[in-house]
Amino acid sequence: MVSPQQLLKKHFGYETFRPQQEEIIEKILSNADALVLMPTGGGKSLCFQIPALILPGTAIVISPLISLMKDQVDALRSNGINAGFYNSSQSFEEQQYILDACHREEIKLLYISPEKLLSDVEVITKACKPSLFAIDEAHCVSSWGHDFRPEYTQMGFLRERFAQVPFVALTATADKVTRRDIIKQLKLKSPQVFLASFDRKNLSLDVRIGVKPKDKIVEMIDFVQERENQNGIIYCLSRKKCEETFEALKNAGVNAMFYHAGMSSEARSSVQERFINDDLRVICATVAFGMGIDKSNVRWVIHYNLPKNIEGYYQEIGRAGRDGLPSETILYYNYADLQILNKFASEGPMAEVNLEKLKRIQQYAEADSCRRKILLNYFSENPDKDCGNCDVCKNPRRHFDGTIMVQKALSAIVRMGEKDGANMVIDVLRGSKRQEIIAAGYDKIKTHGAGAEVPALDWQRYIMQMLNLGIVEMAYDENFALKITPFGKEVLYNKRKIDLTVLQLIKPAEQKPKTKKASTLSSDEELFNHLRRIRKDFAVEENVPAYVIFSDATLDEMAKQKPMTESDLLLVSGVGEHKLLKYGQAFLNTIIDFSPTNSNKNKGDTYLETLHLFQQNINIEEIAKQRNLAETTIYSHIAQLYLFGKIDSLTNFVNEDDIVQVKEAFNVVGESKALKPIYEQLKETVPYYKIRLALAVLKKREG
Ligand code: ADP
Ligand code: ZN
């Protein structure tokens with residue numbers, strides 16, 4: 001039997017399993033149930049895909065994300081795995097076709113939406129013999145979760161109906177209530193629970209407090225413009241804000257679009273698709289965006305507003321850096337957001353839970369210790385070291401004795417009768433004489449003007465600290481009036497000292513000289529961009545998202561390692577056998593053509609070495625061996641040498657017939673760096689090396 005390890009390399013091109021993956025696979029192979037809790041991008045899919053390859057029959061994968069199914073299936077196929085999907089987006093014929101394929105045992109994994117599985121369970125299980133059931137996004141079964149889907153709760157019967165088959169439920173939501181709900185509702189048979197670390201070390205965390213809306217936009221535009229080749233998502237609370245942010249970016253010349261639930265579903269899919277295909281750099285979206293997105297090279301995520309809770313926030317920032325490369329996240333946090341969110345949260349039947357969740361994210365945003373520790377604590381992990389990759393770690397906070405300041409604020413609140421919100425309190429502290437203040441008689445109280453030396457914005461941030469320290473509370477049902485807590489009274493009556501955190505300077509949005517990035521690209525980056533272009537050619541040709549061809553992480557490794565031979569290329573993480581066969585040539589050629597060792601003066605040397613051997617009538621295979629290069633490489637040298645006029649004729653390699661054929665194929669498929677389109681146009685009858693050389697001849701004839 002082929003081992004999971006071998007399949008990992010063969011199909012996915014990876015050398016080693018990530019933590020827990022192997023154990024989960026073993027568990028499923030031993031015919032037992034499992035619940036897998038892993039963060040977004042953690043690598044859940046492999047955990048059922050590899051068992052699906054080993055077990056006889058078809059693995060049934062249940063996923064609510066219809067829009068994702070095609071991409072997931074394309075990705076599997078591009079790895080040489082037979083997969084299909086079955087959902088309501090297909091015609092009857094298409095559905096029939098896939099069921100027939102299942103019947104012929106040609107499908108190892110079948111992706112199905114829950115409603116389709118429920119309605120067609122008989123047909124489906126008649127057509128195929130289930131090898132395992134994988135329930136993806138399993139938190140959808142829990143009404144406690146943030147993404148409840150009623151169809152999920154009806155799936156409990158499956159476990160009894162298919163008693164002999166292992167079930168695995170997978171989710172990125174780790175809280176204990178949801179966990180218990182999943183096991184109960186899906187009736188999992190004493191499942192082993194695999195809780196992977198939720199730490200995503202490659203995501204940097206940055207919270208920016210109190211930046212004015214106007215400055216936020218300027219800051220964001222700078223941020224985006226400094227990252228010319230990167231994709232990112234800006235999450236906004238409202239539809240209107242999405243559109244405004246988009247406008248601002250567009251005016252600054254950024255290739256952006258907006259996305260929210262107010263758009264038609266066609267418009268939304270089109271935006272989504274363009275983003276996945278790297279045709280749009282930036283999406284300004286509400287949280288509606290992302291569920292159906294599996295794009296591994298999102299390089300940054302910005303939250304324009306504070307999110308409602310930590311689960312949502314973590315999932316949203318988790319959409320960055322799924323390929324494991326360093327990625328940035330920024331969260332903007334303003335007092336005004338807090339008020340709006342408090343209002344939302346305090347409405348409806350789940351008010352208590354929602355308010356508690358809001359409080360937790362507020363604590364996170366206000367934290368003056370390592371942010372990642374706080375996040376991980378929330379997911380019941382307790383790392384013992386600070387992360388070094390959050391703004392607090394990079395810029396440790398200092399404290400000062402804030403007792404007097406706090407007392408001033410408290411005294412104002414008491415004297416005003418604990419019935420006003422923070423803005424009014426701040427105005428009184430700063431000695432404002434505006435109409436309302438005079439009318440209420442607040443200009444007569446002793447603390448009027450007692451805090452005039454502190455700017456209003458700073459006061460807001462101190463009051464946020466006071467809220468967090470439990471000195472004051474906000475009465476959401478009384479227009480956000482500030483009230484003193486018993487603990488606050490102890491401070492007011494001098495029984496306690498309070499340390500406040502020195503405020504971080506908010507950088508005013510600065511006018512930076514726009515440096516032209518292109519001129520400072522390192523040669524690795526340049527090669528990386530070339531590789532991306534080749535990838536894009538293939539993606540367009542095959543009508544799949546670019547990451548289905550290779551992930552950014554894989555291209556990045558190629559650009560750094562510069563493999564020159566097929567066996568070296570196979571060592572690159574993400575290059576499996578199937579992709580090597582399909583794309584290896586094109587990528588190797590690009591690397592050979594562009595890598596610095598071959599460029600400029602060195603390039604001449606390597607060509608001359610090949611020429612030297614060639615002139616001694618040594619055959620290509622032998623030259624490749626002697627030079628320790630791929631035959632492909634030698635042929636590309638021969639083509640170049642011919643173009644340079646160092647070799648007179650290629651008639652030993654290609655005859656006129658070949659040349660005519662290649663020319664015709666070339667005219668059909670058009671200009672492309674890849675040879676594959678021509679190869680396929682010629683029904684794979686003319687080998688790659690002949691195509692390459694024929695193209696050289698044609699080029700020379702054109703002059
Ligand atoms: P999830 O479903 O948990 O969000 P995925 O299964 O989509 O995550 O995996 C995220 C990325 O990690 C994918 O690009 C996947 O190919 C990659 N990946 C998964 N397992 C490994 C591994 N063992 N080594 C390297 N990359 C991996
Ligand atoms: Zn940290």
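Side chains are part of it too, since the values below use all heavy atoms of this structure and drop only hydrogens, waters and symmetry mates. First listed ligand is number 1; within each ligand, the first listed atom is number 1.
In summary, the side chains of Y152 and E137 do not present any donor paired with an acceptor at a separation below 3.5 Å, with no hydrogens or angles considered. If you check the side chains of Y314 and Y378, you find no donor sitting under 3.5 Å from an acceptor.
Protein heavy atom closest to atom 9 (O) of ligand 1, with residue, atom name and distance, is G43 CA, 3.5 Å. Regarding atom 11 (C) of ligand 1, its nearest protein heavy-atom neighbour is R322 O, 3.6 Å. Distance from atom 6 (O) of ligand 1 to its nearest protein heavy atom, with residue and atom name: S45 OG, 2.7 Å. Residue, atom and distance of the protein heavy atom nearest to atom 4 (O) of ligand 1 are G41 N, 2.6 Å. Among protein heavy atoms, atom 16 (O) of ligand 1 sits closest to Y14 OH, 2.6 Å.
Between L376 and P383, the closest heavy-atom pair is CD1-CG, 3.8 Å.
If you number the atoms of ligand 1 from 1 as listed, the ones under 4.0 Å from a heavy atom of F17 come out as 23 (N). Proximity to P39 (heavy-atom distance under 4.0 Å) selects the following atoms of ligand 1: 3 (O).
Among the candidates R319, E316, H303, the single residue satisfying the side chain to side chain donor-acceptor pair (under 3.5 Å) test with Y235 is R319.
Contact between T16 and ligand 1 is present, with at least one heavy atom of the residue lying under 4.0 Å from the ligand. Using a 4.0 Å cutoff on heavy atoms, G42 counts as a contact of ligand 1. Using a non-hydrogen distance threshold of 4.0 Å, C47 does not register as a contact of ligand 1.
More than 12 heavy atoms of other residues, nucleotides or ligands lie within 6.0 Å of NZ in K394, so this atom counts as buried by the packing criterion.
At least one cation-pi condition fails for K676 and F538: the charged atom is not both under 6.0 angstrom from the six-membered ring centre and inside a 45 degree cone around its axis. In this structure, K295 forms a cation-pi arrangement with F275, its terminal cationic atom sitting closer than 6.0 Å to the ring centre and no more than 45° off the ring axis.
The shortest N or O to N or O distance between T40 and ligand 1 is not under 3.5 Å. Residue R18 places at least one N or O, backbone or side chain, under 3.5 Å from an N or O of ligand 1. Ligand 1 has no N or O atom lying under 3.5 Å from any N or O atom of M38, backbone or side chain.
Neither the backbone nor the side chain of E15 has any atom closer than 4.0 Å to an atom of ligand 1 (non-hydrogen atoms only).
Between the CG atom of L503 and the CZ atom of R398 there is a distance of 10.5 Å, given to the nearest 0.5 Å.
The Zn ion (ligand 2) is the vertex of the angle joining SG of C387 and SG of C393, which measures 120° to the nearest 10°. At the Zn ion (ligand 2), the angle from SG in C370 to SG in C390 is 120° when rounded to 10°.
Relative orientation of the F133 and F162 rings is tilted, given thresholds of 30° and 60° on the angle between their planes.
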What's the verdict on salt bridge (charged side-chain N to carboxylate O under 4.0 Å, His left out) for K582 and E542, showing C-alpha distance, side-chain angles and the deciding distance? CA-CA 12 Å; K582 217 164 155 194; E542 298 179 20; 3.5 Å; yes
